[in-house]
Amino acid sequence: MSSSALEEELTTEYEDWTNLFLPRTAQILKSTPLTATDTLHRLRFQNGDIGDYKPGQFVMVSMLGIGEVPISICSSPTHIGGFELCVRSAGTVTQAINELNAGALVPIRGPYGRGFSTEKMVGHDVMIIAGGIGLAPMRSLIQYLLDQRSQYGEIWILFGAKRPGEVLFQDEVLSWSSRPDIHFLMTVDIANRAWRGNVGPVTSLFHYVKVDPHNTCAAVCGPPVMYRPVLRELQHLELPDAQMFFSFERRMKCGLGKCGHCLINGHYCCKEGPVLSYAEIRELPEAM
Amino acid sequence: MVEAMEYRVLLKKDIRVWVEWLMGKGELHAPVAKSASHPQYQFEKISQPDTVCLDYATTILPPKQCVQPVRETLIRFDRVANQFTLSDQVPERRLHIIFGIHTCDIHAFNFLNTVMRDGNADTQFLARSANTAIIGLRCRQHCDDKSFCESMGTNEPPDTGYDILMTDIGDRYFLELATERAAKLVDDLSCIPHTGDEDVVKWRQMLADSKKNFDRRLSINIEELPAYCEANYHSPMWDVIGKKCVACGSCTLVCPTCYCFDIRDELDMSLQGGERYRVWDSCQLGEFAAVAGGVNFRRDRRDRQRHRVHRKVKYPKERYNLFACVGCGRCSRACIADIQMLDILRQLGAKSHEFQRT
Amino acid sequence: MKPKVAFFSFSSCEGCQLQALNLEDQLLSLLDIIEIVNFREAIDDKLENYDIAFVEGSISRYSDIPELIKIRNTAKVLVAFGSCSSQAGINAIRNRLRPEEANAMVYGDRAAWVETGHAKGIDEFVKVDYYLNGCPMDRREFIRLVKAAASGIPFIIPKLPVCTECKLRGNVCILEDRNTLCLGAVTLGGCNAICPAYGHPCVGCRGILPDANIEGMAELLRHHGASDLEIEHLYAMYNYGRISLLTARAASR
Amino acid sequence: MHGAVQLNIHHVTRVEGHGNITVNVRDGEIEECRLEIVESPRFFEVMLQGRSYRDAAHITSRICGICSVGHTTASIRATESALGIEPTEQTLLLRKLILHGETLQSHILHIYFLAAPDFLGAPSVIPLARTHTDVVLRALRLKKLANDLCDLIGGRSVHPVAMMPGGFTSVPTIAGLQEVRARLEAAMADMVATAELFATLDIPKFERETEYISLKRPDEYAFYDGELYSSDTGIHPVSHYRRLTNEQVVQRSTAKHAHANRDSFAVGALARYNNNFDRLNPFAKEIADEMSLPVPCFNPFMTTAAQVVECAHAVADGIALIDELIGRGVQPEPLVQSARLDGQGIGAVEVPRGILYHDYQYADGRITRANCIIPTGQNVANIEADMRFLVPQILDKPEAEIAQNLEMLVRAYDPCISCSAHMLDVKFVGKSEGEQS
Ligand SMILES: Cc1cc2nc3c(=O)[nH]c(=O)nc-3n(C[C@H](O)[C@H](O)[C@H](O)COP(=O)(O)OP(=O)(O)OC[C@H]3O[C@@H](n4cnc5c(N)ncnc54)[C@H](O)[C@@H]3O)c2cc1C
Ligand code: SF4
Ligand code: SF4
Ligand code: SF4
């Protein structure tokens, strides 16, 4: 037998597979600072489209030499001609992203994860509860719902910001608040003199909410401390577990369900999440 | 027991000949002693056939490193001004041979392959794994008082996942050839003849004898472990363990089924090129689950230890119907704080009974 | 523009500067990306204008402080270079005595001639941007820092303990194997566990990890036969005053 | 011609540590001529007090990063002699080998990085990289070899990790030794080239005979151990080292001066060369010949030439030591345990800049008294004497040139000032017992 017999047997099958870690190149079309720490970037992949995705899904954005971070897509898939990311400077990578301007090239992987189940929301009333930067993924959902407004029942938006000046997407927020087909409620933690609205945590807005729980889906995203109180309110409204959706944030390295950083008990936040229904996480003590 | 395709024997004195021949076929990894005088072992790439030591109890690091290197380049990049090029890293097409691996570690490889195939297939791992020939070695007793493979059912080989299995039957090894590749791994080497009847008899005797050497160390029903974990989620046992644990990460780094990694970037001296690589990580380290802004989802060592145990005997059981713990005992050996897996599993069992009674 | 780099040294053995000079393989390519303008150990020029300052050594007398402040005010990036600078290192062992006592012990009746105080890390006086811990500092980490600084990106030392790197090297654990008291579990890694790799225990030269389990560590060292004094001396080698030795002691009771 | 010169050189460059030169000449008379050591004191005696014998070498290694192997060796030898530890033959060979590594690395650093720029008219080695690329590459090659040799045996060249009282905690592999041996072999050509380069340099003509002190052994060029030898008074036992150092505290300088038979004496490469020339190996003698270095030589500027000779010796003897190690095989050995826990011991070792003494007193395995005497401290008085002798000869030169000449003279001694921030003989009377309980 020839000595190379073993070598001939070597599998080449995997070599044709794409490297999961290889990003595609996107270009920044426009960068708009929203607040002192948040910037909205509009991007487009250089070759090809971002592809189909659901509100709530995220991409892995690279700063070569520094690192890679998960960022939610904050524009709706119904909007064509690119996608938007809203980035808060929270550390080394996010800072570097926010220093980029129009024209800059950015390596991006994704979209990844499971977004909001918009099919399930069809024909239902939808409650959107967002806190702070949590508005970014929610904006995608809101845009999506509004683009197909007729398919959904009542839309409630409950939004909490730290201070009046720290509100993201101010123009859009303004337009939502003035639309007759949306119940828009907003609150701030710390008011200033000009603020006429509600003061208190986002849960303080539930007081104004009237929904038919069985026909309502809720979507929640915000800082970690927000989840439990909001859950309690939703349970109080008696929403079914399978109709409450939470978008979670965890440390992520690969985004592919391998590196282990994002596990919520046994669930990969990147793959089975970041959006999970309460029915799925009810038994997971680490979720909230 | 799965019937092998073919049986052969190899005189112990001829091991060297075979090892040397195999070295010519691919990259051979086998256990070697850490130092001439030291009874601790490590899987290493063999360059001197004499260094192979089949008479080893266990190794410090698992053979996982032969397929998943500690540090592995994922992509390379080159950046000039606002331009960059990215290139992926295709794993080298090469035959790897892992020689003398114990059955528990073969089980562990099977587990890793399952995980890496699940969902987004990890091509780098799978490509290397597919081109790795496994030449296993049946154990004749527990490695030491830390192992409990018999309880996890891993002192017997799995149905698949190896090419050849060796059994020490005195002056020679009995070889079970399980795959087509196996035949090529022994070729028609004169030192590896077909077996005579008395070899087979002796081998069967040896298997029967070995069975008796494995005492049952975990008297709980392991199928119930996920439920026991659940029942003990808030048990004070985790506080006790968390107090002892110094979060050195050793238990996970030596585990043959752990696969968590970190991803980092590093620039070349040119400051233009660079690579993104992954490196073994441990869920026991403080920053593992920390996110920007100071929130850490597993801040307490207690929570991290519980997470580790659940990742061994609860989550994978629920997801793949497999245990990620193969009972090799490496974590217990490596733990400087004397946290013992066997103890933890016993406690889970015992406490659950209490729990269920009350 | 290549960043201008300067080296300064206070109370130290100058081994960290030597470590930088010992980068024979990379020295020339290093000079392609930075310009060294002040390095008394190796060059004559002393430019008063630099971007990155590597400051070696502890501060142990008042007369050093103005110079340190001047360096801080000049440099855009200030790096604490080595253990002496990062955490007062070995110099801090003497802090268990009052400065006058230490002085008298060494210089006898001529003690008054000598000006000295307790040895302190430089961050007790100025803001430090990056730390290159270690006694001596690690050359690969130094290169990594220079590359990061030269390309204007942040430098991060992963918060791993020495044990992690020790394991990844496949070392035999000398604490388990030889009962050698080793601080690897609570010490910031990055040195690639060089000491245990050569059979010598880790003595914590890179500093204790922020969330280290000091009590648990003391307990297990005791379990390995360490006395109070030994534990104290082990911690006091490089981390004098950084952790409460009394806590460690009491906890193990 | 200047009747008056006032020079204040603040922080002499290209030396290890901080030193100032002060020269004050009025009416052709030297009023002041000083080399001040302005490092802050380090208090190693205080650090050592009460410490276990296992910690002593680790701590004292940090006296000086440049000769950390030397400090480690001297410390270990003091401890071993105090506690009755007899290291094995293999340990001795490894220690001698790593000392060669350090001598080579330190001398090459001095020859090429610190001294050569003076002679090649450059402010540092950096511009030489462009003008004399081959020279710089050779320097880097030799230095890397020296460091790799130290890494191989000690784990690290600066503050070695594997050296302990009683032996090594880790030993090199035969393959590692073979690899370094091949490079040492190749380095012989580099040493010849170094000597050739040196022969072309214009070394100041200056001679002042002084007392030369070094270790001496009948059978080898002493580095690791030996008896004390003075060119004036001959052999002395190491235990009499105090008489040959005579330290005294000098104000404003944290190191102190030393003298033996005369007002000052020299230690270091030139002293060793003068005292032990006949024990050099043939290759080193050839190199000396190549540079026409006389025996004895009274020109302190020639210290650098003596260093070149010692590098050649280290290379050739390093090969011999490796051959011996490979021949006998290198095995991990347990550390030799101490025979007793009380006692006093001295370790005298030739480090690149001269004799280094560590002297410890132990009680119950812990240090109660420590004294370390560093070579540069021993040389300072002699450097000042040289300066006093040199200044009148160059007084008619421009001040900048005088300054440069004096800096070169100081640098020729390769002073290591960081470690000279010194150690004095201190007795911890009665205190230690209280501390230990
Ligand atoms: C699903 C999901 C969606 C998100 N969506 C958004 C969004 O829409 N907008 C938004 O602003 N944020 C979003 N985030 C949060 C965002 O990902 C974090 O703010 C971000 O990861 C912070 O990274 P940083 O690098 O800026 O901060 P840092 O905390 O400084 O992170 C540390 C950085 O250093 C690197 N690093 C860490 N450890 C090491 C190491 N050991 N070695 C080398 N390098 C290391 C990492 O790569 C990381 O980049 C989302 C997070 C998740 C999980
Ligand atoms: S958990 Fe421990 S005993 Fe189980 S496989 Fe991993 S290392 Fe072995
Ligand atoms: S030798 Fe030290 S650093 Fe290495 S694993 Fe053991 S305790 Fe940790
Ligand atoms: S192992 Fe410990 S003592 Fe050694 S270099 Fe690393 S941190 Fe320092």
Side-chain angles (χ1 to χ4, degrees), chain B residues 32-35 38-44 59-62 65 69-71 79 241-255 262 264-272 274 279-282 284-288 290 296 299-301 330-339, chain C residues 2 25-34 140 143-144 146-153 156 158-178 181-187 189 199 202 209-221 223-224 251:
Chain B
V32 301
K34 279 300 285 187
S35 76
H38 217 282
Q40 290 212 35
Y41 303 88
Q42 186 75 323
F43 275 94
E44 271 173 22
T59 54
I60 301 171
L61 286 180
Q65 52 168 338
V70 170
R71 175 181 169 148
R79 32 164 231 172
I241 292 170
K243 273 217 175 71
K244 280 173 92 176
C245 172
V246 287
C248 69
S250 297
C251 53
T252 51
L253 297 166
V254 300
C255 180
D262 191 11
R264 298 179 206 157
D265 284 9
E266 180 148 357
L267 292 175
D268 301 340
M269 275 311 249
S270 66
L271 303 184
Q272 280 171 10
V279 55
W280 292 11
D281 202 350
S282 164
Q284 298 306 300
L285 305 181
E287 286 196 336
F288 188 82
N296 189 338
R299 170 162 289 139
D300 295 337
R301 291 184 300 274
R330 284 190 179 90
C331 53
S332 313
R333 258 170 237 120
C335 182
I336 53 177
D338 201 29
I339 296 170
Chain C
K2 289 195 275 186
D25 283 344
Q26 288 108 323
L27 213 53
L28 296 180
S29 40
L30 210 57
L31 293 175
D32 285 339
I33 58 170
I34 56 171
R140 290 158 312 152
I143 293 273
R144 216 156 56 72
V146 170
K147 285 192 294 192
S151 46
I153 61 180
I156 292 165
K159 298 260 177 304
L160 317 167
V162 170
C163 278
T164 300
E165 293 181 314
C166 189
K167 274 284 141 338
L168 291 180
R169 273 183 92 144
N171 291 339
V172 172
C173 175
I174 52 173
L175 176 63
E176 281 296 309
D177 196 62
R178 301 190 203 158
L181 305 182
C182 181
L183 281 185
V186 293
T187 302
C202 171
L209 275 164
D211 60 349
N213 182 357
I214 302 296
E215 291 80 5
M217 191 68 204
E219 177 71 51
L220 83 86
L221 288 174
H223 182 76
H224 282 272

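Order of the sequence lines fixes the chain letters, A, B, ..., with proteins taken first and strands second; residue numbering starts at 1 for each chain.
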(message) Quick check on C:Ile153 against chain B: is it the side chain, the backbone, both or neither that has a heavy atom closer than 4.5 Å?
(response) side chain

(message) Between C:Leu175 and chain B, with a heavy-atom cut-off of 4.5 Å, which part of the residue counts as in contact: side chain, backbone, both or neither?
(response) side chain

(request) Of all the heavy-atom pairs spanning B:Met269 and C:Ile33, show the shortest one and how long it is. (result) O-CG2, 3.5 Å

(message) Can you give me the closest heavy-atom contact between C:Val172 and B:Lys34, atom names plus distance?
(response) CG2-CG, 3.5 Å

(request) Measure the shortest side-chain to side-chain distance between B:Leu285 and C:Lys159 over non-hydrogen atoms and say whether it is less than 4.5 angstrom. (result) no

(request) Side chain from CB out, backbone as N, CA, C, O: work out which of these in C:Asp211 comes under 4.5 Å of a heavy atom of chain B, or both, or neither. (result) both

(request) Find the one option among C:Gly184, C:Gly189, C:Cys163 whose heavy-atom pairs under 4.5 Å with chain B are most numerous. (result) C:Cys163

(request) Mind checking the CG-CD1 spacing from C:Asn171 to B:Ile60? Nearest 0.5 Å is all I need. (result) 7.5 Å

(message) Run C:Thr164 and B:Ser282 through side-chain contact (heavy atoms from CB on, under 4.5 Å) and show every step you take.
(response) CA-CA 8 Å; C:Thr164 300; B:Ser282 164; 5.7 Å; no

(request) Tell me, out of B:Leu61, B:Asp281, B:Val279, B:Thr252, who's got the most heavy-atom pairs with chain C below 4.5 Å. (result) B:Leu61

(message) As an exercise, state the distance from CD of B:Gln272 to OG of C:Ser151, rounded to the nearest 0.5 Å.
(response) 10.5 Å

Atom pairs and distances, donor-acceptor, side-chain atoms in residues 241-250 of chain B, under 3.5 Å, two or more places apart:
from     : atom 1 : to       : atom 2 : distance (Å)
B:Lys244 : NZ     : B:Asp338 : O      : 3.3

(request) With a 4.5 angstrom heavy-atom cut-off, could you sort out which part of B:Arg264 is near chain C: side chain, backbone, both or neither? (result) side chain

(request) Let me know if B:Asp262 has heavy atoms under 4.5 Å from chain C in its side chain, its backbone, both or neither. (result) neither

(message) Under the rule for ring pair (Phe, Tyr, Trp, His ring centres under 6.0 Å), what residues qualify as partners of B:Phe43, not counting sequence neighbours?
(response) none

(message) Walk me through whether C:Lys147 and B:Ser270 qualify under side-chain contact (heavy atoms from CB on, under 4.5 Å).
(response) CA-CA 9 Å; C:Lys147 285 192 294 192; B:Ser270 66; over 6 Å; no

(request) For chain C, find which of B:Glu266, B:Gln42, B:Glu287, B:Arg301 contributes the most heavy-atom pairs closer than 4.5 angstrom. (result) B:Arg301

(request) Please state whether the side chain, the backbone, both or neither of C:Ile143 comes within less than 4.5 Å of a heavy atom of chain B. (result) side chain

(message) Using 0.5 Å steps for rounding, measure from the CZ atom of C:Arg144 to the CG atom of B:Leu267.
(response) 10.5 Å

(message) If I take atom CG from residue B:Leu271 and atom CG from residue C:Asp32, how far apart are they, to the nearest 0.5 angstrom?
(response) 9.5 Å

